[in-house]
Amino acid sequence: MKLHLSSQIVLNKVPEEFYHPRTAVERSEITRCEKIPTDIFPKVEEGAASIADEVAKLIKQRKDEGRYCVLGLGTGKSLIPVYDELIARYEKKKLSFSNVIVFNAYEYFPLAKNSQHSAIAQLHAMLLDHVDINPQNVFSPDGTVKQDDVQEQCRLYEQRISSFGGIDMMLLGIGRIGNIATNEPGSAISSVSRLMLIDAISREEMTMSFSSQEPVPPCSITMGISTILAARKIYLTAWGEEKADIILQTIEGGITESIPASYLQTHNDAHVVVDLAAAGKLTRIIHPWLVTSCKWTDKLTRAALTWLCLKVNKPILKLTNKDYNENGLSELLALYGSAYNANIKIFNDLQHTITGWPGGKPNADDTYRPERAKPYPKRVVVFSPHPDDDVISMGGTIQRLVNQGHDLHVAYETSGNIAVNDEEVTRFMHFVNGFNQIFINEKDDTIKKMYKDIKKFLAEKKEGDIDTADVRTIKGLIRRGEARTACTYNNIPLDHVHFLDLPFYESGKIEKLPMTEKDVEIVRALLKEVQPHEIFVAGDLADPHGTHRKCTDAVLAAIDLEKEANAEWLKNCRIWMYRGAWAEWEIENIEMCVPMSPEELRAKRNSILKHSSQMESAPFLGNDERLFWQRAEDRNRATAKLYDDLGLASYEAMEAFVEYKPL
């Protein structure tokens, strides 16, 4: 069963020569904007294996020399695939860590004695407990010391590193704000090991690494920038779209203390290893025509002309030969013969993505429409990772599909129970208890006892405590009720509303369980029951909590199984990917764009507002102060404005989709 198909989605749009140059000359040409040597791999596993190759090579080299191999190791999630690969090699007896010295890159502070949530405990769980390293060869700052003793401890830590001849190789992840270890923005290039206040964004990321909801301590004892740069070789890793912006700034931007990772530009043997998603904003990936000759596909031409329009502030049909020549796009003039020919081709391509009939227009010529006219009406399944992603991401399209007579089902993949505040539980339990006393008036004290127990639990609950099963169930019921209300508002029959409650989500923690075959089979059962002609699935792979990606992987795996089984329904089904509140599809990849009038956008807002627990008091709004309906409207209006700026039809807002073709 293929459980990670979403990781291959990006392959559909990036030619191999942009991320895997064949010669040193080609590499020199396409990486001219990059200030740190960067290797891009189509899959995370391939990138992790390349780093593991270098680590294994160094360990064996030092062993042959009769010396210790000194490694500096971080504990970020980006390094887990690397550690998994090293463990696999050890288990196959291809690698030994008997001559390895490890220095932990940072430790949380303050920590209680024997804390299970220390950075060194995470490093043991990720790697050290699974290999044959001598425990005496593992060194880490101590997060349990008194604050007055931290400075002296840092001095001794630096001294210990020096006593082993310095660090041979440093393995690091990168935070969303450019931190390495926990050197936050503002860290000086000369900084040494020290106590550091952890930024709020970094703490949010670190919470994902904790095995419970115990809060991350406010500070850390971290290796300094100069300590890291003193390592003889450095590898920095990043995976996924959420790291694309910071990778661009680190590799192609200037050296600045606001992005500590940019200091790696000063190192003579630093390397960045990323997957295609994390490399997605690098010039050679997003604007390759600026660094090399291109094989001009329709999508690449569309991307180039969109970029050119925004740069010269003109709509497509007003671009001139001069505009092309002055901005490095003369190849397109040679290919199309003139600016006009290229302009009209891309204008028409974009025009054909716009449709007010997301399920296809019956009794109409569908030659240039994104969706087929037949069959009509279509059976449609909208998969929603959380109980509000459907209306946040494609609420306007859902209205169109229902109003145009299609048989629409909504499948809520997770309960969404951790995203409900305790106050909501208290409010609903108060209502249920009152209802029981006024209308039922039974002697059965079950509800009264549950009300009392839950009130007691919530009153005594400490930050980081996991909710009881009853509290999680109530929170899930709150989300279900809101989802049903929104569906009723959108005229979706309640027997077409499915709550899948995928097991991977029910950890009670921010960090979820691994997605397994059990999750996939639940999704597959629904697909076999409905046998849809059209599927909508989340393509927002930069979801900061990872739930969207896992939900998408479950759907794609189920579709893959049906494809292997030669399911008849799948032969007449199209799969569309939408994006959520965080980002929109790049315009060169948009294949269907559904416009909304002001009234339709207002109706979409109303359906989002039915999810009242997700308004101002929602736990995971992040650093963006906008509420979900505001983010959705801003994104939809921005898409419409882009189409307008390019000289196409002007709408109030638009929702965009990309077709997924089973691999």
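A donor-acceptor contact under 3.5 angstrom links the side chains of N417 and E506, judged on distance only. Looking at D470 and T468, their side chains never bring a donor and an acceptor atom within 3.5 Å of each other.
A salt bridge (Lys or Arg N to Asp or Glu O under 4.0 Å) check over residues 590-599, counting only residues at least two apart or in different chains, returns nothing. Screening residues 387-403 for salt bridge (Lys or Arg N to Asp or Glu O under 4.0 Å) gives D388-R479, R400-E600 as the qualifying pairs, with residues at least two apart or on separate chains. Legend: ring-ring contact (aromatic ring centres under 6.0 Å, His included) pairs involving residues 345-367, not counting sequence neighbours, sorted by first then second residue: H352-Y368. Legend: side chain to side chain donor-acceptor pair (under 3.5 Å) pairs involving residues 483-492, not counting sequence neighbours, sorted by first then second residue: Y489-N606. Applying the salt bridge (Lys or Arg N to Asp or Glu O under 4.0 Å) definition to pairs two or more places apart or across chains, none involves residues 369-385.
Taking every heavy atom of both residues into account, A244 and A277 meet most closely at CB-O, 3.7 Å. The two residues P595 and C593 come nearest to each other via the heavy atoms CD-O, 3.5 Å. Taking all atoms of both residues into account, the shortest heavy-atom contact from F499 to A483 is CE2-CB, 4.0 Å. Taking all atoms of both residues into account, the shortest heavy-atom contact from P375 to H533 is CG-CD2, 3.5 Å. Residues Q404 and P358 approach most closely at OE1-CD, 3.8 Å, considering heavy atoms. Minimum heavy-atom separation, P387 to Y412: CA-CD2, 3.4 Å.
Aromatic ring orientation, F536 versus F657: perpendicular (interplanar angle above 60°, classes split at 30° and 60°).
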### Task
Run the numbers on E424 and K475 for salt bridge (charged side-chain N to carboxylate O under 4.0 Å, His left out), then give the verdict.
CA-CA 8 Å; E424 293 286 321; K475 289 183 175 182; over 6 Å; no
### Query
Going through the distances and angles, do D349 and K345 end up as a salt bridge (charged side-chain N to carboxylate O under 4.0 Å, His left out)?
CA-CA 6 Å; D349 285 352; K345 167 69 168 64; 2.6 Å; yes
### Derivation and outcome, side-chain contact (heavy atoms from CB on, under 4.5 Å), residues I474 and V432
CA-CA 11 Å; I474 292 168; V432 170; over 6 Å; no
### Task
Would you check, one step at a time, whether the test ring-ring contact (aromatic ring centres under 6.0 Å, His included) holds for Y376 with H406?
CA-CA 7 Å; Y376 176 83; H406 298 287; 5.2 Å; yes
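Counting heavy atoms from C-beta outward, P662 and I575 have side chains that approach closer than 4.5 Å. Residues M596 and E652 form no side-chain contact, since every pair of their non-hydrogen atoms from C-beta on lies 4.5 Å or further apart. Here the side chains of P532 and W569 are in contact, with some heavy-atom distance below 4.5 Å. Residues L401 and E534 have side chains in contact (heavy-atom distance under 4.5 Å, counting atoms from C-beta outward). The closest side-chain heavy-atom distance from I398 to I492 is below 4.5 Å. H548 places a side-chain heavy atom less than 4.5 Å from the side chain of H386. Using a 4.5 Å cut-off on side-chain heavy atoms (C-beta onward), M515 and L502 make no contact. Looking at V382 and M394, their side chains come closer than 4.5 Å, going by heavy atoms from C-beta outward.
When the shell of 6.0 Å around CD of E517 is examined, it contains 12 or fewer heavy atoms from other residues, nucleotides or ligands. The neighbour count for K571 NZ, taken as heavy atoms of other residues, nucleotides or ligands under 6.0 Å away, is above 12. Heavy atoms of other residues, nucleotides or ligands lying less than 6.0 angstrom from CG of N363 number 12 at most.
Proximity of a side-chain donor or acceptor of D644 to a complementary backbone N or O of A640 within less than 3.5 Å is not detected. The backbone N or O of S415 sits nowhere less than 3.5 Å from a side-chain atom of R472 that would complete a donor-acceptor pair. Remark: the backbone N or O of I344 is paired with a side-chain donor or acceptor of N348 at under 3.5 angstrom. Although no hydrogens or angles enter the test, the distance criterion places no donor-acceptor pair under 3.5 Å between the side chain of D275 and the main chain of K43. Looking only at distances, no side-chain donor or acceptor of T639 sits under 3.5 Å from a matching main-chain atom of E655. Judged by distance alone, with hydrogens and angles left aside, the side-chain atoms of R284 form a donor-acceptor pair with the main-chain N or O of F18 at under 3.5 Å. Here the side chain of T414 pairs a donor or acceptor atom with the backbone of P385 at under 3.5 angstrom. Using a distance-only test at 3.5 Å, with no hydrogens or angles considered, a donor-acceptor pair links the side chain of R635 to the main chain of S393.
Looking at residues two or more places apart in sequence or on another chain, you find no side chain to side chain donor-acceptor pair (under 3.5 Å) involving S607. Legend: residues meeting side chain to side chain donor-acceptor pair (under 3.5 Å) with D366, ordered by chain and number and at least two apart, are absent. Applying the ring pair (Phe, Tyr, Trp, His ring centres under 6.0 Å) test to H409 and every residue at least two apart in sequence or in another chain returns H496, H498. With sequence neighbours excluded, no residue forms a ring pair (Phe, Tyr, Trp, His ring centres under 6.0 Å) with Y643. For W239, there are no side chain to side chain donor-acceptor pair (under 3.5 Å) partners two or more places apart in sequence or in a different chain. Checked against ring pair (Phe, Tyr, Trp, His ring centres under 6.0 Å), W289 has the following partners two or more places apart in sequence or in another chain: H287, W307. Residues passing the ring pair (Phe, Tyr, Trp, His ring centres under 6.0 Å) test with F383: none are found, sequence neighbours excluded.
Here R302 does not pair with D298 in a salt bridge; the nearest charged N to carboxylate O distance is not below 4.0 Å. Between D553 and R549 there is no salt bridge, since no side-chain nitrogen of the basic residue lies less than 4.0 Å from a carboxylate oxygen of the acidic one. A salt bridge does not link R176 with E242: none of the charged nitrogens is closer than 4.0 Å to a carboxylate oxygen. A salt bridge between R480 and D501 is present, with a side-chain N of the basic residue lying under 4.0 Å from a carboxylate O of the acidic one.
The structure places CG of D519 at 4.5 Å from OG1 of T516, a figure rounded to the nearest 0.5 Å. Note: E413 CD to T547 OG1 = 10.0 Å, rounded to the nearest 0.5 Å. Note that the CD atom of E633 and the CD1 atom of I392 stand 11.5 Å from one another [nearest 0.5 Å]. To the nearest 0.5 angstrom, R574 atom CZ is 13.0 Å from I535 atom CD1. Note that the CD atom of E46 and the CD1 atom of I40 stand 13.0 Å from one another [nearest 0.5 Å]. L642 contributes atom CG, which lies 6.0 Å from atom CG of L310 (distance to the nearest 0.5 angstrom).
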